[in-house]
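Single-structure report; data block below.
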Amino acid sequence: MKHKTLKGFQDILPPEISGWQHIEGVSRNLFRNYGYQEIRLPVLESTDIFTRSIGETSDIVEKEMYTFKDKGDRSVTLRPEGTASFVRAYVEHHLFNNPAPQKFYYMGPMFRYERPQAYRYRQFYQIGAEAMGIEDPKLDAEIISMLARILSGIGLQGLNFEITSIGCKNCRPAYKDALKNFLGGKLNSFCSDCQRRFDLNPLRILDCKVPDCIASRQGAPPVIDYLCAECKGHFDSLKNYLEMLNVPHTINPNLVRGLDYYTKTAFEVSSESLGSQKAVAAGGRYDGLVDEFGGPPTPGIGFAIGMERIVPLIKDSLKGSEYPDLFICPIGQKDSEEALILAEQLRTKGLWVEVNYDGASLKSQMRKANRLGAKNVVIIGEDELRKGEVVVKDMIKGTETKSPLDIRELVKILKNSSQTH
Ligand code: HAM
């Protein structure tokens, strides 16, 4: 084969696409119930949008961005995530002037030059949500509850919801000192990246995936023990509200996010069925980010769901959704023109209708209908046409009925049969 997709990129073809559409549909419906509106952002942005917000010392910025010069010699980057682009748009369009809360969602591809492996791609799709302008932990609880409802609405079960607080700029200096005290004595046992990050941003050492570094940082103090009174109060209230809303969760003081912009609440949802890439969604608060982009201080919180990680988890529950309601089998030339018209009329009534185009035998047409998984077959022959009727075969129940060649009657029969399948 001469031309292939790039490593870490993939085509998404039917029937798998029906899983994607199902996930997008459930999400859109629930976003509407919670007042989130869709936004569409460019996939290409000026590089500094990401470096300053995600963090110069993060793995994403140091190693994973698709960055290149455009023809005007500007450094541009394919977005590795949505939040930074979103906040750029939020500030650029002065959306902060609208009454809070403002709630947005987006769906689209992100790009990270990571080592491809199962459930980890270089182009992957996220469904993200961002809510702006409210500092109260009730919003944190509400958005986590919405995420839980989206994931269960999609059909996912047995997920772990882990939450923590990673503090704010007021609690961070004391925590950084404590962490540096712990790490300082054994810095030699860490990789060169961690050693370099020790002075620049020691918190990033907690996110290093190198096995020796993971072992060496065992017992490091968790940031949750160093929260200031405000962050602690915020986290305690969040836990209370999650209980009130019946959102099952566990507290993981060692939860670390790979992006620098987070403050206070951070969370991750994972599935044990996915092996090492088990995070299906993650997010948190970013109360300093709008400020960073030159807007007025505005709190924000959001999450993103990884599509490629949830599609495999729902595959089995989607059987049947990608099959035609009807396959029309005409017997002769005249019947095949009649079939073309009938198919067109039935499609306007919301049915998925396939029709046979060539003059194949009825036997071979039936085989084709079977292969497509058509739920019903309508046979139009010369005799039937003369009598003004057609034969309807229910392919799942194996039953056969005669119906007048009348759109209303046919729709009734076909819709009834689709509902019972
Ligand atoms: P993130 O944790 O970097 O957060 O990504 C969110 C989700 O995207 C992950 O939990 C995972 O499901 C999926 N994901 C990430 N990288 C890959 C990959 N290489 N292949 C497949 N799936 C992947 C963010 O991106 C934040 N912007 C989330 C957020 C929104 N925080 C606040 N608002």
Side-chain angles (χ1 to χ4, degrees), residues 6-10 12 20 23 27 31 36 39 41 45 49-50 53-55 58-61 63-66 78-90 102-132 139-140 143-144 146-147 150-151 154 156 159-164 166 207 209 255-271 273-290 299-313:
L6 296 170
K7 205 170 155 203
F9 288 67
Q10 62 169 347
I12 297 143
W20 288 65
I23 293 164
S27 306
F31 281 139
Y36 284 70
I39 46 165
L41 303 163
E45 297 267 5
I49 301 284
F50 303 112
S53 54
I54 297 171
S58 64
D59 273 356
I60 295 182
V61 170
K63 303 175 188 169
E64 297 169 1
M65 294 208 304
Y66 278 89
L78 282 171
R79 61 178 183 194
E81 59 107 42
T83 311
S85 301
F86 162 71
V87 173
R88 192 263 315 133
Y90 183 81
Q102 296 149 47
K103 304 169 180 175
F104 306 91
Y105 77 90
Y106 47 86
M107 300 180 176
M110 309 290 159
F111 304 84
R112 295 184 194 173
Y113 194 80
E114 293 190 83
R115 192 171 51 77
Q117 64 177 79
Y119 314 118
R120 189 161 77 190
Y121 297 91
R122 288 180 173 167
Q123 177 178 329
F124 58 97
Y125 285 75
Q126 285 185 345
I127 296 181
E130 316 285 355
M132 306 302 290
L139 182 68
D140 306 35
I143 201 169
I144 294 174
M146 175 174 80
L147 174 60
I150 290 176
L151 294 173
I154 287 166
L156 300 179
L159 299 175
N160 309 318
F161 274 73
E162 293 179 317
I163 61 164
T164 193
I166 56 167
D207 192 31
K209 312 289 184 303
L255 183 66
V256 181
R257 302 285 293 123
L259 308 106
D260 274 0
Y261 50 63
Y262 289 113
T263 53
K264 294 184 178 161
T265 308
F267 52 93
E268 192 167 281
V269 188
S270 58
S271 161
S273 328
L274 294 178
S276 66
Q277 301 303 310
K278 60 186 182 153
V280 296
R285 221 170 227 291
Y286 46 88
D287 290 349
L289 199 51
V290 175
I301 181 166
F303 65 75
I305 302 173
M307 290 288 275
E308 287 79 359
R309 299 196 183 166
I310 54 178
V311 170
L313 299 175

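We number each residue from 1, following the sequence as shown. As the structure lists them, so they are numbered: ligands from 1, and atoms in each ligand from 1.
Once rounded to the nearest 0.5 Å, the distance linking CD1 of Ile301 with CG of Asp140 reads 3.5 Å. Within the model, atoms OG of Ser53 and CG of Leu259 stand 8.5 Å from one another, a figure rounded to the nearest 0.5 Å. To the nearest 0.5 angstrom, Ile39 atom CD1 is 11.0 Å from Gln102 atom CD. To the nearest 0.5 Å, atom CZ of residue Phe161 and atom CD1 of residue Ile144 are 8.5 Å apart.
Of the possible donor and acceptor atoms, one in the side chain of Thr263 sits under 3.5 Å from a partner among the backbone N and O of Asp287. When atom types are taken as modelled, the side chain of Lys209 and the backbone of Asp207 share a donor-acceptor pair closer than 3.5 angstrom.
In summary, the atoms of ligand 1 found under 4.0 Å from a heavy atom of Arg257, numbered by their order in the structure, are 1 (P), 2 (O), 4 (O). Close contacts between ligand 1 and Glu130 involve ligand atoms 30 (C), 32 (C), 33 (N) [criterion: under 4.0 Å to a heavy atom]. Taking every heavy atom of Arg309 and a limit of under 4.0 angstrom, the matching atoms of ligand 1 come to 11 (C), 12 (O), 17 (C), 18 (C), 20 (N), 21 (C), 22 (N), 23 (C). Residue contact check: Tyr119 has heavy atoms under 4.0 Å from atoms 20 (N), 21 (C) of ligand 1. Listed by atom number, the atoms of ligand 1 under 4.0 Å from Leu259 heavy atoms are 3 (O), 4 (O). For ligand 1, the atoms closer than 4.0 angstrom to any heavy atom of Ala279 are 10 (O), 11 (C), 12 (O). For ligand 1, the atoms closer than 4.0 angstrom to any heavy atom of Gly283 are 31 (N).
Nearest residue to atom 5 (O) of ligand 1 from Gln126, Glu64, Glu308, Arg115 is Gln126 (criterion: closest heavy atom). Comparing heavy-atom distances from atom 20 (N) of ligand 1 across Tyr121, Phe111, Tyr125, Tyr113 singles out Tyr121 as nearest. Nearest to atom 3 (O) of ligand 1 by heavy atom, out of Gln117, Arg112, Arg122, Glu81, is Arg112. The residue from Phe303, Tyr262, Tyr261 that puts a heavy atom closest to atom 31 (N) of ligand 1 is Tyr262.
Inter-residue side-chain proximity for Arg112 and Pro80 is flagged as met; some heavy-atom pair is nearer than 4.5 Å.
Aromatic rings from Tyr262 and Tyr286 are positioned such that their centres are separated by 6.0 Å or more. Between Phe86 and Phe104, the distance from one ring center to the other falls under 6.0 angstrom. In this structure, the ring of Tyr66 has its center less than 6.0 angstrom from the ring center of Tyr113.
Considering both main-chain and side-chain atoms, Tyr286 never comes within under 3.5 Å of ligand 1 through any nitrogen or oxygen pair.
By the criterion of a heavy-atom distance under 4.0 Å, neither the backbone nor the side chain of Gln277 is placed next to ligand 1. The proximity of Ile60 to ligand 1, defined as any non-hydrogen pair under 4.0 Å, does not occur for either the backbone or the side chain. Contacts with ligand 1 closer than 4.0 Å are made by no heavy atom of Glu268, backbone or side chain. Contacts between Glu114 and ligand 1 below 4.0 angstrom, taking non-hydrogen atoms only, involve the side chain exclusively. With a 4.0 Å cut-off on non-hydrogen atoms, Met110 does not touch ligand 1 at all.
For Ser58 and Asp260, the side-chain atoms include no donor-acceptor pair closer than 3.5 Å. Donor-acceptor pairing under 3.5 Å is recorded for the side chains of Tyr106 and Glu130.
Between Arg88 and Glu45, at least one side-chain N (NZ, or NE/NH1/NH2) sits under 4.0 Å from a carboxylate O, which counts as a salt bridge.
Residue contacts with ligand 1 include Ala281, since one or more of its heavy atoms lies under 4.0 Å from the ligand.
Among protein heavy atoms, the minimum distance from atom 13 (C) of ligand 1 is reached at Gly306 CA, 3.7 Å. The protein non-hydrogen atom at the shortest distance from atom 30 (C) of ligand 1 is Thr83 OG1, 3.0 Å. At the top of the distance list for atom 14 (N) of ligand 1, counting protein heavy atoms only, stands Phe124 CE1, 3.6 Å.
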